[in-house]
Asks: 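My questions will all concern the structure given below.
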Amino acid sequence: MNKLDRQLIDEYQKGLPISSRPYLEMAENLGVSESEVIESLERLQNSGVLSRVGPVFNHKKAGASVLAAMAVPDHKLKDVAEQVNAFDGVNHNYAREHKYNLWFVVTAPDQDSLDLALQEIEDTCGYEVMPLPMVKSYYIDLGFKIHWDA
């Protein structure tokens, strides 16, 4: 990784600028061009160094969400996962080794919209959706200092 790659990782694990041109603000802070920032982030993401570039919202303040699960026959898991992924509010869709083997998070502007989305997923996929509402939230800080010379 070059110096800019390391600076982007060090400076923006947290505190991504909230503006219409966040990459421009990052570039001005780092003394490079906006296109250099974008190219660096794309390269880091394409190489698998970064899995995601974007904000993390407090979902309770931004609308409604729920973790949900479905029990899907193994031979249909991939097809059903693709059906679930086609819904706009779905993210974090993944397989688990359990009777309920397909887990996903659904977000919506409000609880009524969320309930409707869950019903539509159930109707489309043909399997019962089990909502698993959050009882208590825990904050896990995933930012960390990297010792580049180690």
Asks: Given the rule that I, L, V, M, F, W and Y join up when any side-chain heavy atoms are under 4.5 Å apart, are I18 and L8 in one cluster?
Replies: no
Asks: If the condition is side-chain hydrogen bond (donor to acceptor under 3.5 Å, both in side chains), which residues does E28 pass it with, not counting sequence neighbours?
Replies: none
Asks: D79 and Q83: side chain to side chain donor-acceptor pair (under 3.5 Å), yes or no, with the steps?
Replies: CA-CA 6 Å; D79 291 338; Q83 287 179 307; over 6 Å; no
Asks: Answer whether the closest heavy-atom distance between the side chains of L30 and Y12 falls below 4.5 Å.
Replies: yes
Asks: Calculate, to the nearest 0.5 Å, the distance between atoms CG and CD belonging to L4 and E36 respectively.
Replies: 6.5 Å
Asks: Are F104 and V129 packed together at the side-chain level, in the sense that at least one heavy-atom pair is separated by less than 4.5 angstrom?
Replies: yes
Asks: Kindly give the heavy-atom pair with the smallest separation between L114 and V106, and that separation in Å.
Replies: CD1-O, 3.4 Å
Asks: Would you find a donor on one side and an acceptor on the other, under 3.5 Å apart, between the side chain of N46 and the backbone of E42?
Replies: yes
Asks: Taking all heavy atoms of Y100 and all of W103, pick out the closest pair and write down the distance.
Replies: O-NE1, 2.7 Å
Asks: Under 3.5 Å, is there a donor on one side chain and an acceptor on the other for Y94 and N101?
Replies: no
Asks: Quick one: are Y23 and P17 in side-chain contact, heavy atoms under 4.5 Å?
Replies: no
Asks: Any chance you could measure L44, atom CG, to L41, atom CG, to the nearest 0.5 Å?
Replies: 6.5 Å
Asks: Quick one: does M70's side chain get under 4.5 Å of V84's, heavy atoms only?
Replies: yes
Asks: Give a yes or no on whether L24 and V32 share a hydrophobic cluster (residues Ile, Leu, Val, Met, Phe, Trp, Tyr; joining criterion: side-chain heavy atoms under 4.5 Å apart).
Replies: no
Asks: Same cluster for L77 and Y127 if Ile/Leu/Val/Met/Phe/Trp/Tyr side chains link at under 4.5 Å?
Replies: yes
Asks: Does a side-chain heavy-atom distance below 4.5 Å link E128 with E122?
Replies: yes
Asks: Would you check if V49 and D5 make a side-chain contact, meaning some heavy-atom pair closer than 4.5 Å?
Replies: no
Asks: Of all the heavy-atom pairs spanning Q45 and R52, show the shortest one and how long it is.
Replies: NE2-CA, 3.7 Å
Asks: Kindly compute the distance separating CD1 (I146) from CZ (R6), expressed to the nearest 0.5 Å.
Replies: 10.5 Å
Asks: Between L116 and L132, is there shared hydrophobic-cluster membership here, with clusters defined by ILVMFWY side-chain heavy atoms closer than 4.5 Å?
Replies: no
Asks: Rounded at 0.5 Å granularity, tell me how far NZ in K99 sits from CE in M130.
Replies: 8.5 Å
Asks: Indicate whether any N or O donor in one side chain lies under 3.5 Å from an N or O acceptor in the other, for Q119 and D123.
Replies: yes
Asks: According to a 4.5 Å side-chain heavy-atom criterion applied to Ile, Leu, Val, Met, Phe, Trp and Tyr, with indirect links allowed, do V80 and V105 form part of one hydrophobic cluster?
Replies: no
Asks: Rounded at 0.5 Å granularity, tell me how far CG in D141 sits from CD in Q13.
Replies: 8.5 Å
Asks: Which pair of non-hydrogen atoms, one from T107 and one from S65, has the smallest distance, and what is that distance?
Replies: CG2-CB, 3.6 Å
Asks: Side chains of I9 and M1: does their closest heavy-atom pair fall under 4.5 Å?
Replies: yes
Asks: Measure the spacing between CD of E120 and CG of D115 and express it to the nearest 0.5 Å.
Replies: 11.5 Å
Asks: Around atom CG of N2, are there more than 12 heavy atoms from other residues, nucleotides or ligands closer than 6.0 Å?
Replies: yes
